[in-house]
Enquirer: 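Below is a structure I'd like to ask you about.
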Amino acid sequence: MKYFILLPSLHDVGTPYDDIQWSAVLKSVSGFEMYRKRWGRLQPERVVEFLLLDNEFPRAVRHCIGLANQSLHAITGKPTGEFSCASEKRMGLLRSELNYAQVDDILASGLHEFFDALQGKMNTIDECILSDFFASKTPTRVDSYGQVNQLF
């Protein structure tokens, strides 16, 4: 999101200055070389797609959510695609959203708005993980209708 703050004006979009900013964003996550090998020329839409939706780039959001989902299922012992607690359900929903997301739709609805919603969903997953595994509150379980219920 820092990219949009750094760009001095809309007139700079598509200029060499714009390319420098996108390069800096990619370099900040050690993704510049991998991006260039895959896509070649810097294109803002492809950079966004690479950083958000790539399933192979280790620091892409989709890739990280996939690994977090695998880790969560390793803890619970439930197969991927099934859920036994709120955190597994929420993680699976977010993973599905990212699997079917398209960069054109994200950009059309607003990148900042997408990131705000994404952060909110990840915060909810964090709260569910805390509740499901660490908090001394009453444990919850998700029923077959997707409702979160207390066990006791």
Side-chain angles (χ1 to χ4, degrees), residues 1-76 78-133 140 142-148:
M1 296 314 302
K2 189 76 171 165
Y3 165 79
F4 296 103
I5 296 169
L6 295 174
L7 198 63
S9 75
L10 290 176
H11 294 56
D12 292 318
V13 173
T15 67
Y17 187 75
D18 192 34
D19 289 347
I20 291 169
Q21 293 297 333
W22 282 116
S23 296
V25 169
L26 287 166
K27 287 177 183 178
S28 74
V29 294
S30 302
F32 183 75
E33 294 299 323
M34 188 171 176
Y35 173 88
R36 293 292 294 237
K37 286 178 183 175
R38 181 163 306 156
W39 297 102
R41 185 171 163 248
L42 286 174
Q43 296 174 296
E45 312 81 40
R46 298 292 72 91
V47 174
V48 171
E49 182 176 9
F50 180 71
L51 295 175
L52 281 179
L53 304 177
D54 195 275
N55 205 30
E56 295 175 14
F57 178 55
R59 284 166 288 295
V61 172
R62 181 176 171 215
H63 181 81
C64 292
I65 293 296
L67 289 178
N69 187 58
Q70 287 176 6
S71 297
L72 190 56
H73 283 278
I75 291 168
T76 64
K78 271 289 198 197
T80 302
E82 296 180 17
F83 58 89
S84 62
C85 57
S87 51
E88 284 178 322
K89 180 182 181 192
R90 298 285 183 157
M91 185 74 77
L93 288 170
L94 179 56
R95 188 168 158 253
S96 293
E97 285 180 38
L98 292 171
N99 284 345
Y100 291 98
Q102 294 187 334
V103 72
D104 294 336
D105 296 334
I106 292 169
L107 294 174
S109 63
L111 187 57
H112 186 77
E113 291 76 10
F114 178 84
F115 273 118
D116 278 347
L118 178 65
Q119 186 173 0
K121 291 169 187 173
M122 291 191 299
N123 288 342
T124 300
I125 292 168
D126 176 59
E127 292 167 2
C128 289
I129 289 172
L130 177 66
S131 175
D132 290 340
F133 300 104
T140 61
V142 179
D143 64 23
S144 59
Y145 299 104
Q147 301 295 316
V148 179

Enquirer: Between the side chains of Glu127 and Ser131, is a donor N or O closer than 3.5 angstrom to an acceptor N or O?
Expert: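 On atom types as modelled, these side chains do not qualify, holding no pair under 3.5 Å.
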
Enquirer: Under 4.0 Å between a side-chain nitrogen and a carboxylate oxygen: does that hold for Arg46 and Glu49?
Expert: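 Looking at Glu49 together with Arg46, the answer is yes, because their closest N to O distance falls below 4.0 Å.
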
Enquirer: Run through Ile106, Val48, Val61 and flag the one making a side chain to side chain contact (heavy atoms under 4.5 Å, CB included) with Leu53.
Expert: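 Only one of Ile106, Val48, Val61 forms a side chain to side chain contact (heavy atoms under 4.5 Å, CB included) with Leu53, namely Ile106.
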
Enquirer: May I ask you to test the His73-Met91 pair for a side-chain heavy-atom distance under 4.5 Å?
Expert: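 They are not in side-chain contact.
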
Enquirer: To the closest 0.5 Å, what do you measure between CD (Glu33) and NZ (Lys27)?
Expert: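 One finds 8.0 Å between CD of Glu33 and NZ of Lys27.
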
Enquirer: Would you say the side-chain atoms of Tyr100 pair up with the backbone N or O of Arg95, donor to acceptor, closer than 3.5 Å?
Expert: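 Looks like no, no N/O pair under 3.5 Å.
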
Enquirer: Work out which heavy atom in Arg41 is nearest to a heavy atom in Tyr35; give both atom names and the distance.
Expert: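 Between these two residues, the closest heavy atoms are O-OH, 3.1 Å.
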
Enquirer: CG of Leu98 to CG of Asn69: how many Å apart, nearest 0.5 Å?
Expert: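 Between Leu98 CG and Asn69 CG, I get 11.0 Å after rounding to 0.5 Å.
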
Enquirer: Please find the pair of heavy atoms, one from Gly31 and one from Phe50, that lie closest to each other, and give the distance.
Expert: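 Smallest heavy-atom distance, with atoms named: O-CE2, 3.6 Å.
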
Enquirer: Tell me whether Asp132 contacts the main-chain N or O of Ser87 through its side chain, where contact means a donor paired with an acceptor under 3.5 Å.
Expert: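 Yes, the answer is positive, given that a donor and an acceptor are paired below the 3.5 Å cut-off.
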
Enquirer: Between Arg36 and Leu42, is a side-chain contact (heavy atoms from CB on, under 4.5 Å) present by the stated rule, with each step listed?
Expert: CA-CA 7 Å; Arg36 293 292 294 237; Leu42 286 174; 4.3 Å; yes

Enquirer: Which heavy-atom pair separates Cys128 from Arg90 by the least distance, and what is that distance?
Expert: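 Of all heavy-atom pairs spanning Cys128 and Arg90, the closest is SG-CG, 3.9 Å.
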
Enquirer: Where do Thr76 and Ser84 come nearest, in terms of heavy atoms and distance?
Expert: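 Residues Thr76 and Ser84, closest heavy atoms: CB-OG, 4.2 Å.
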
Enquirer: Compare all side-chain heavy atoms of Asn99 with those of Arg62 and state whether any distance is below 4.5 angstrom.
Expert: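 A side-chain contact under 4.5 Å exists here.
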
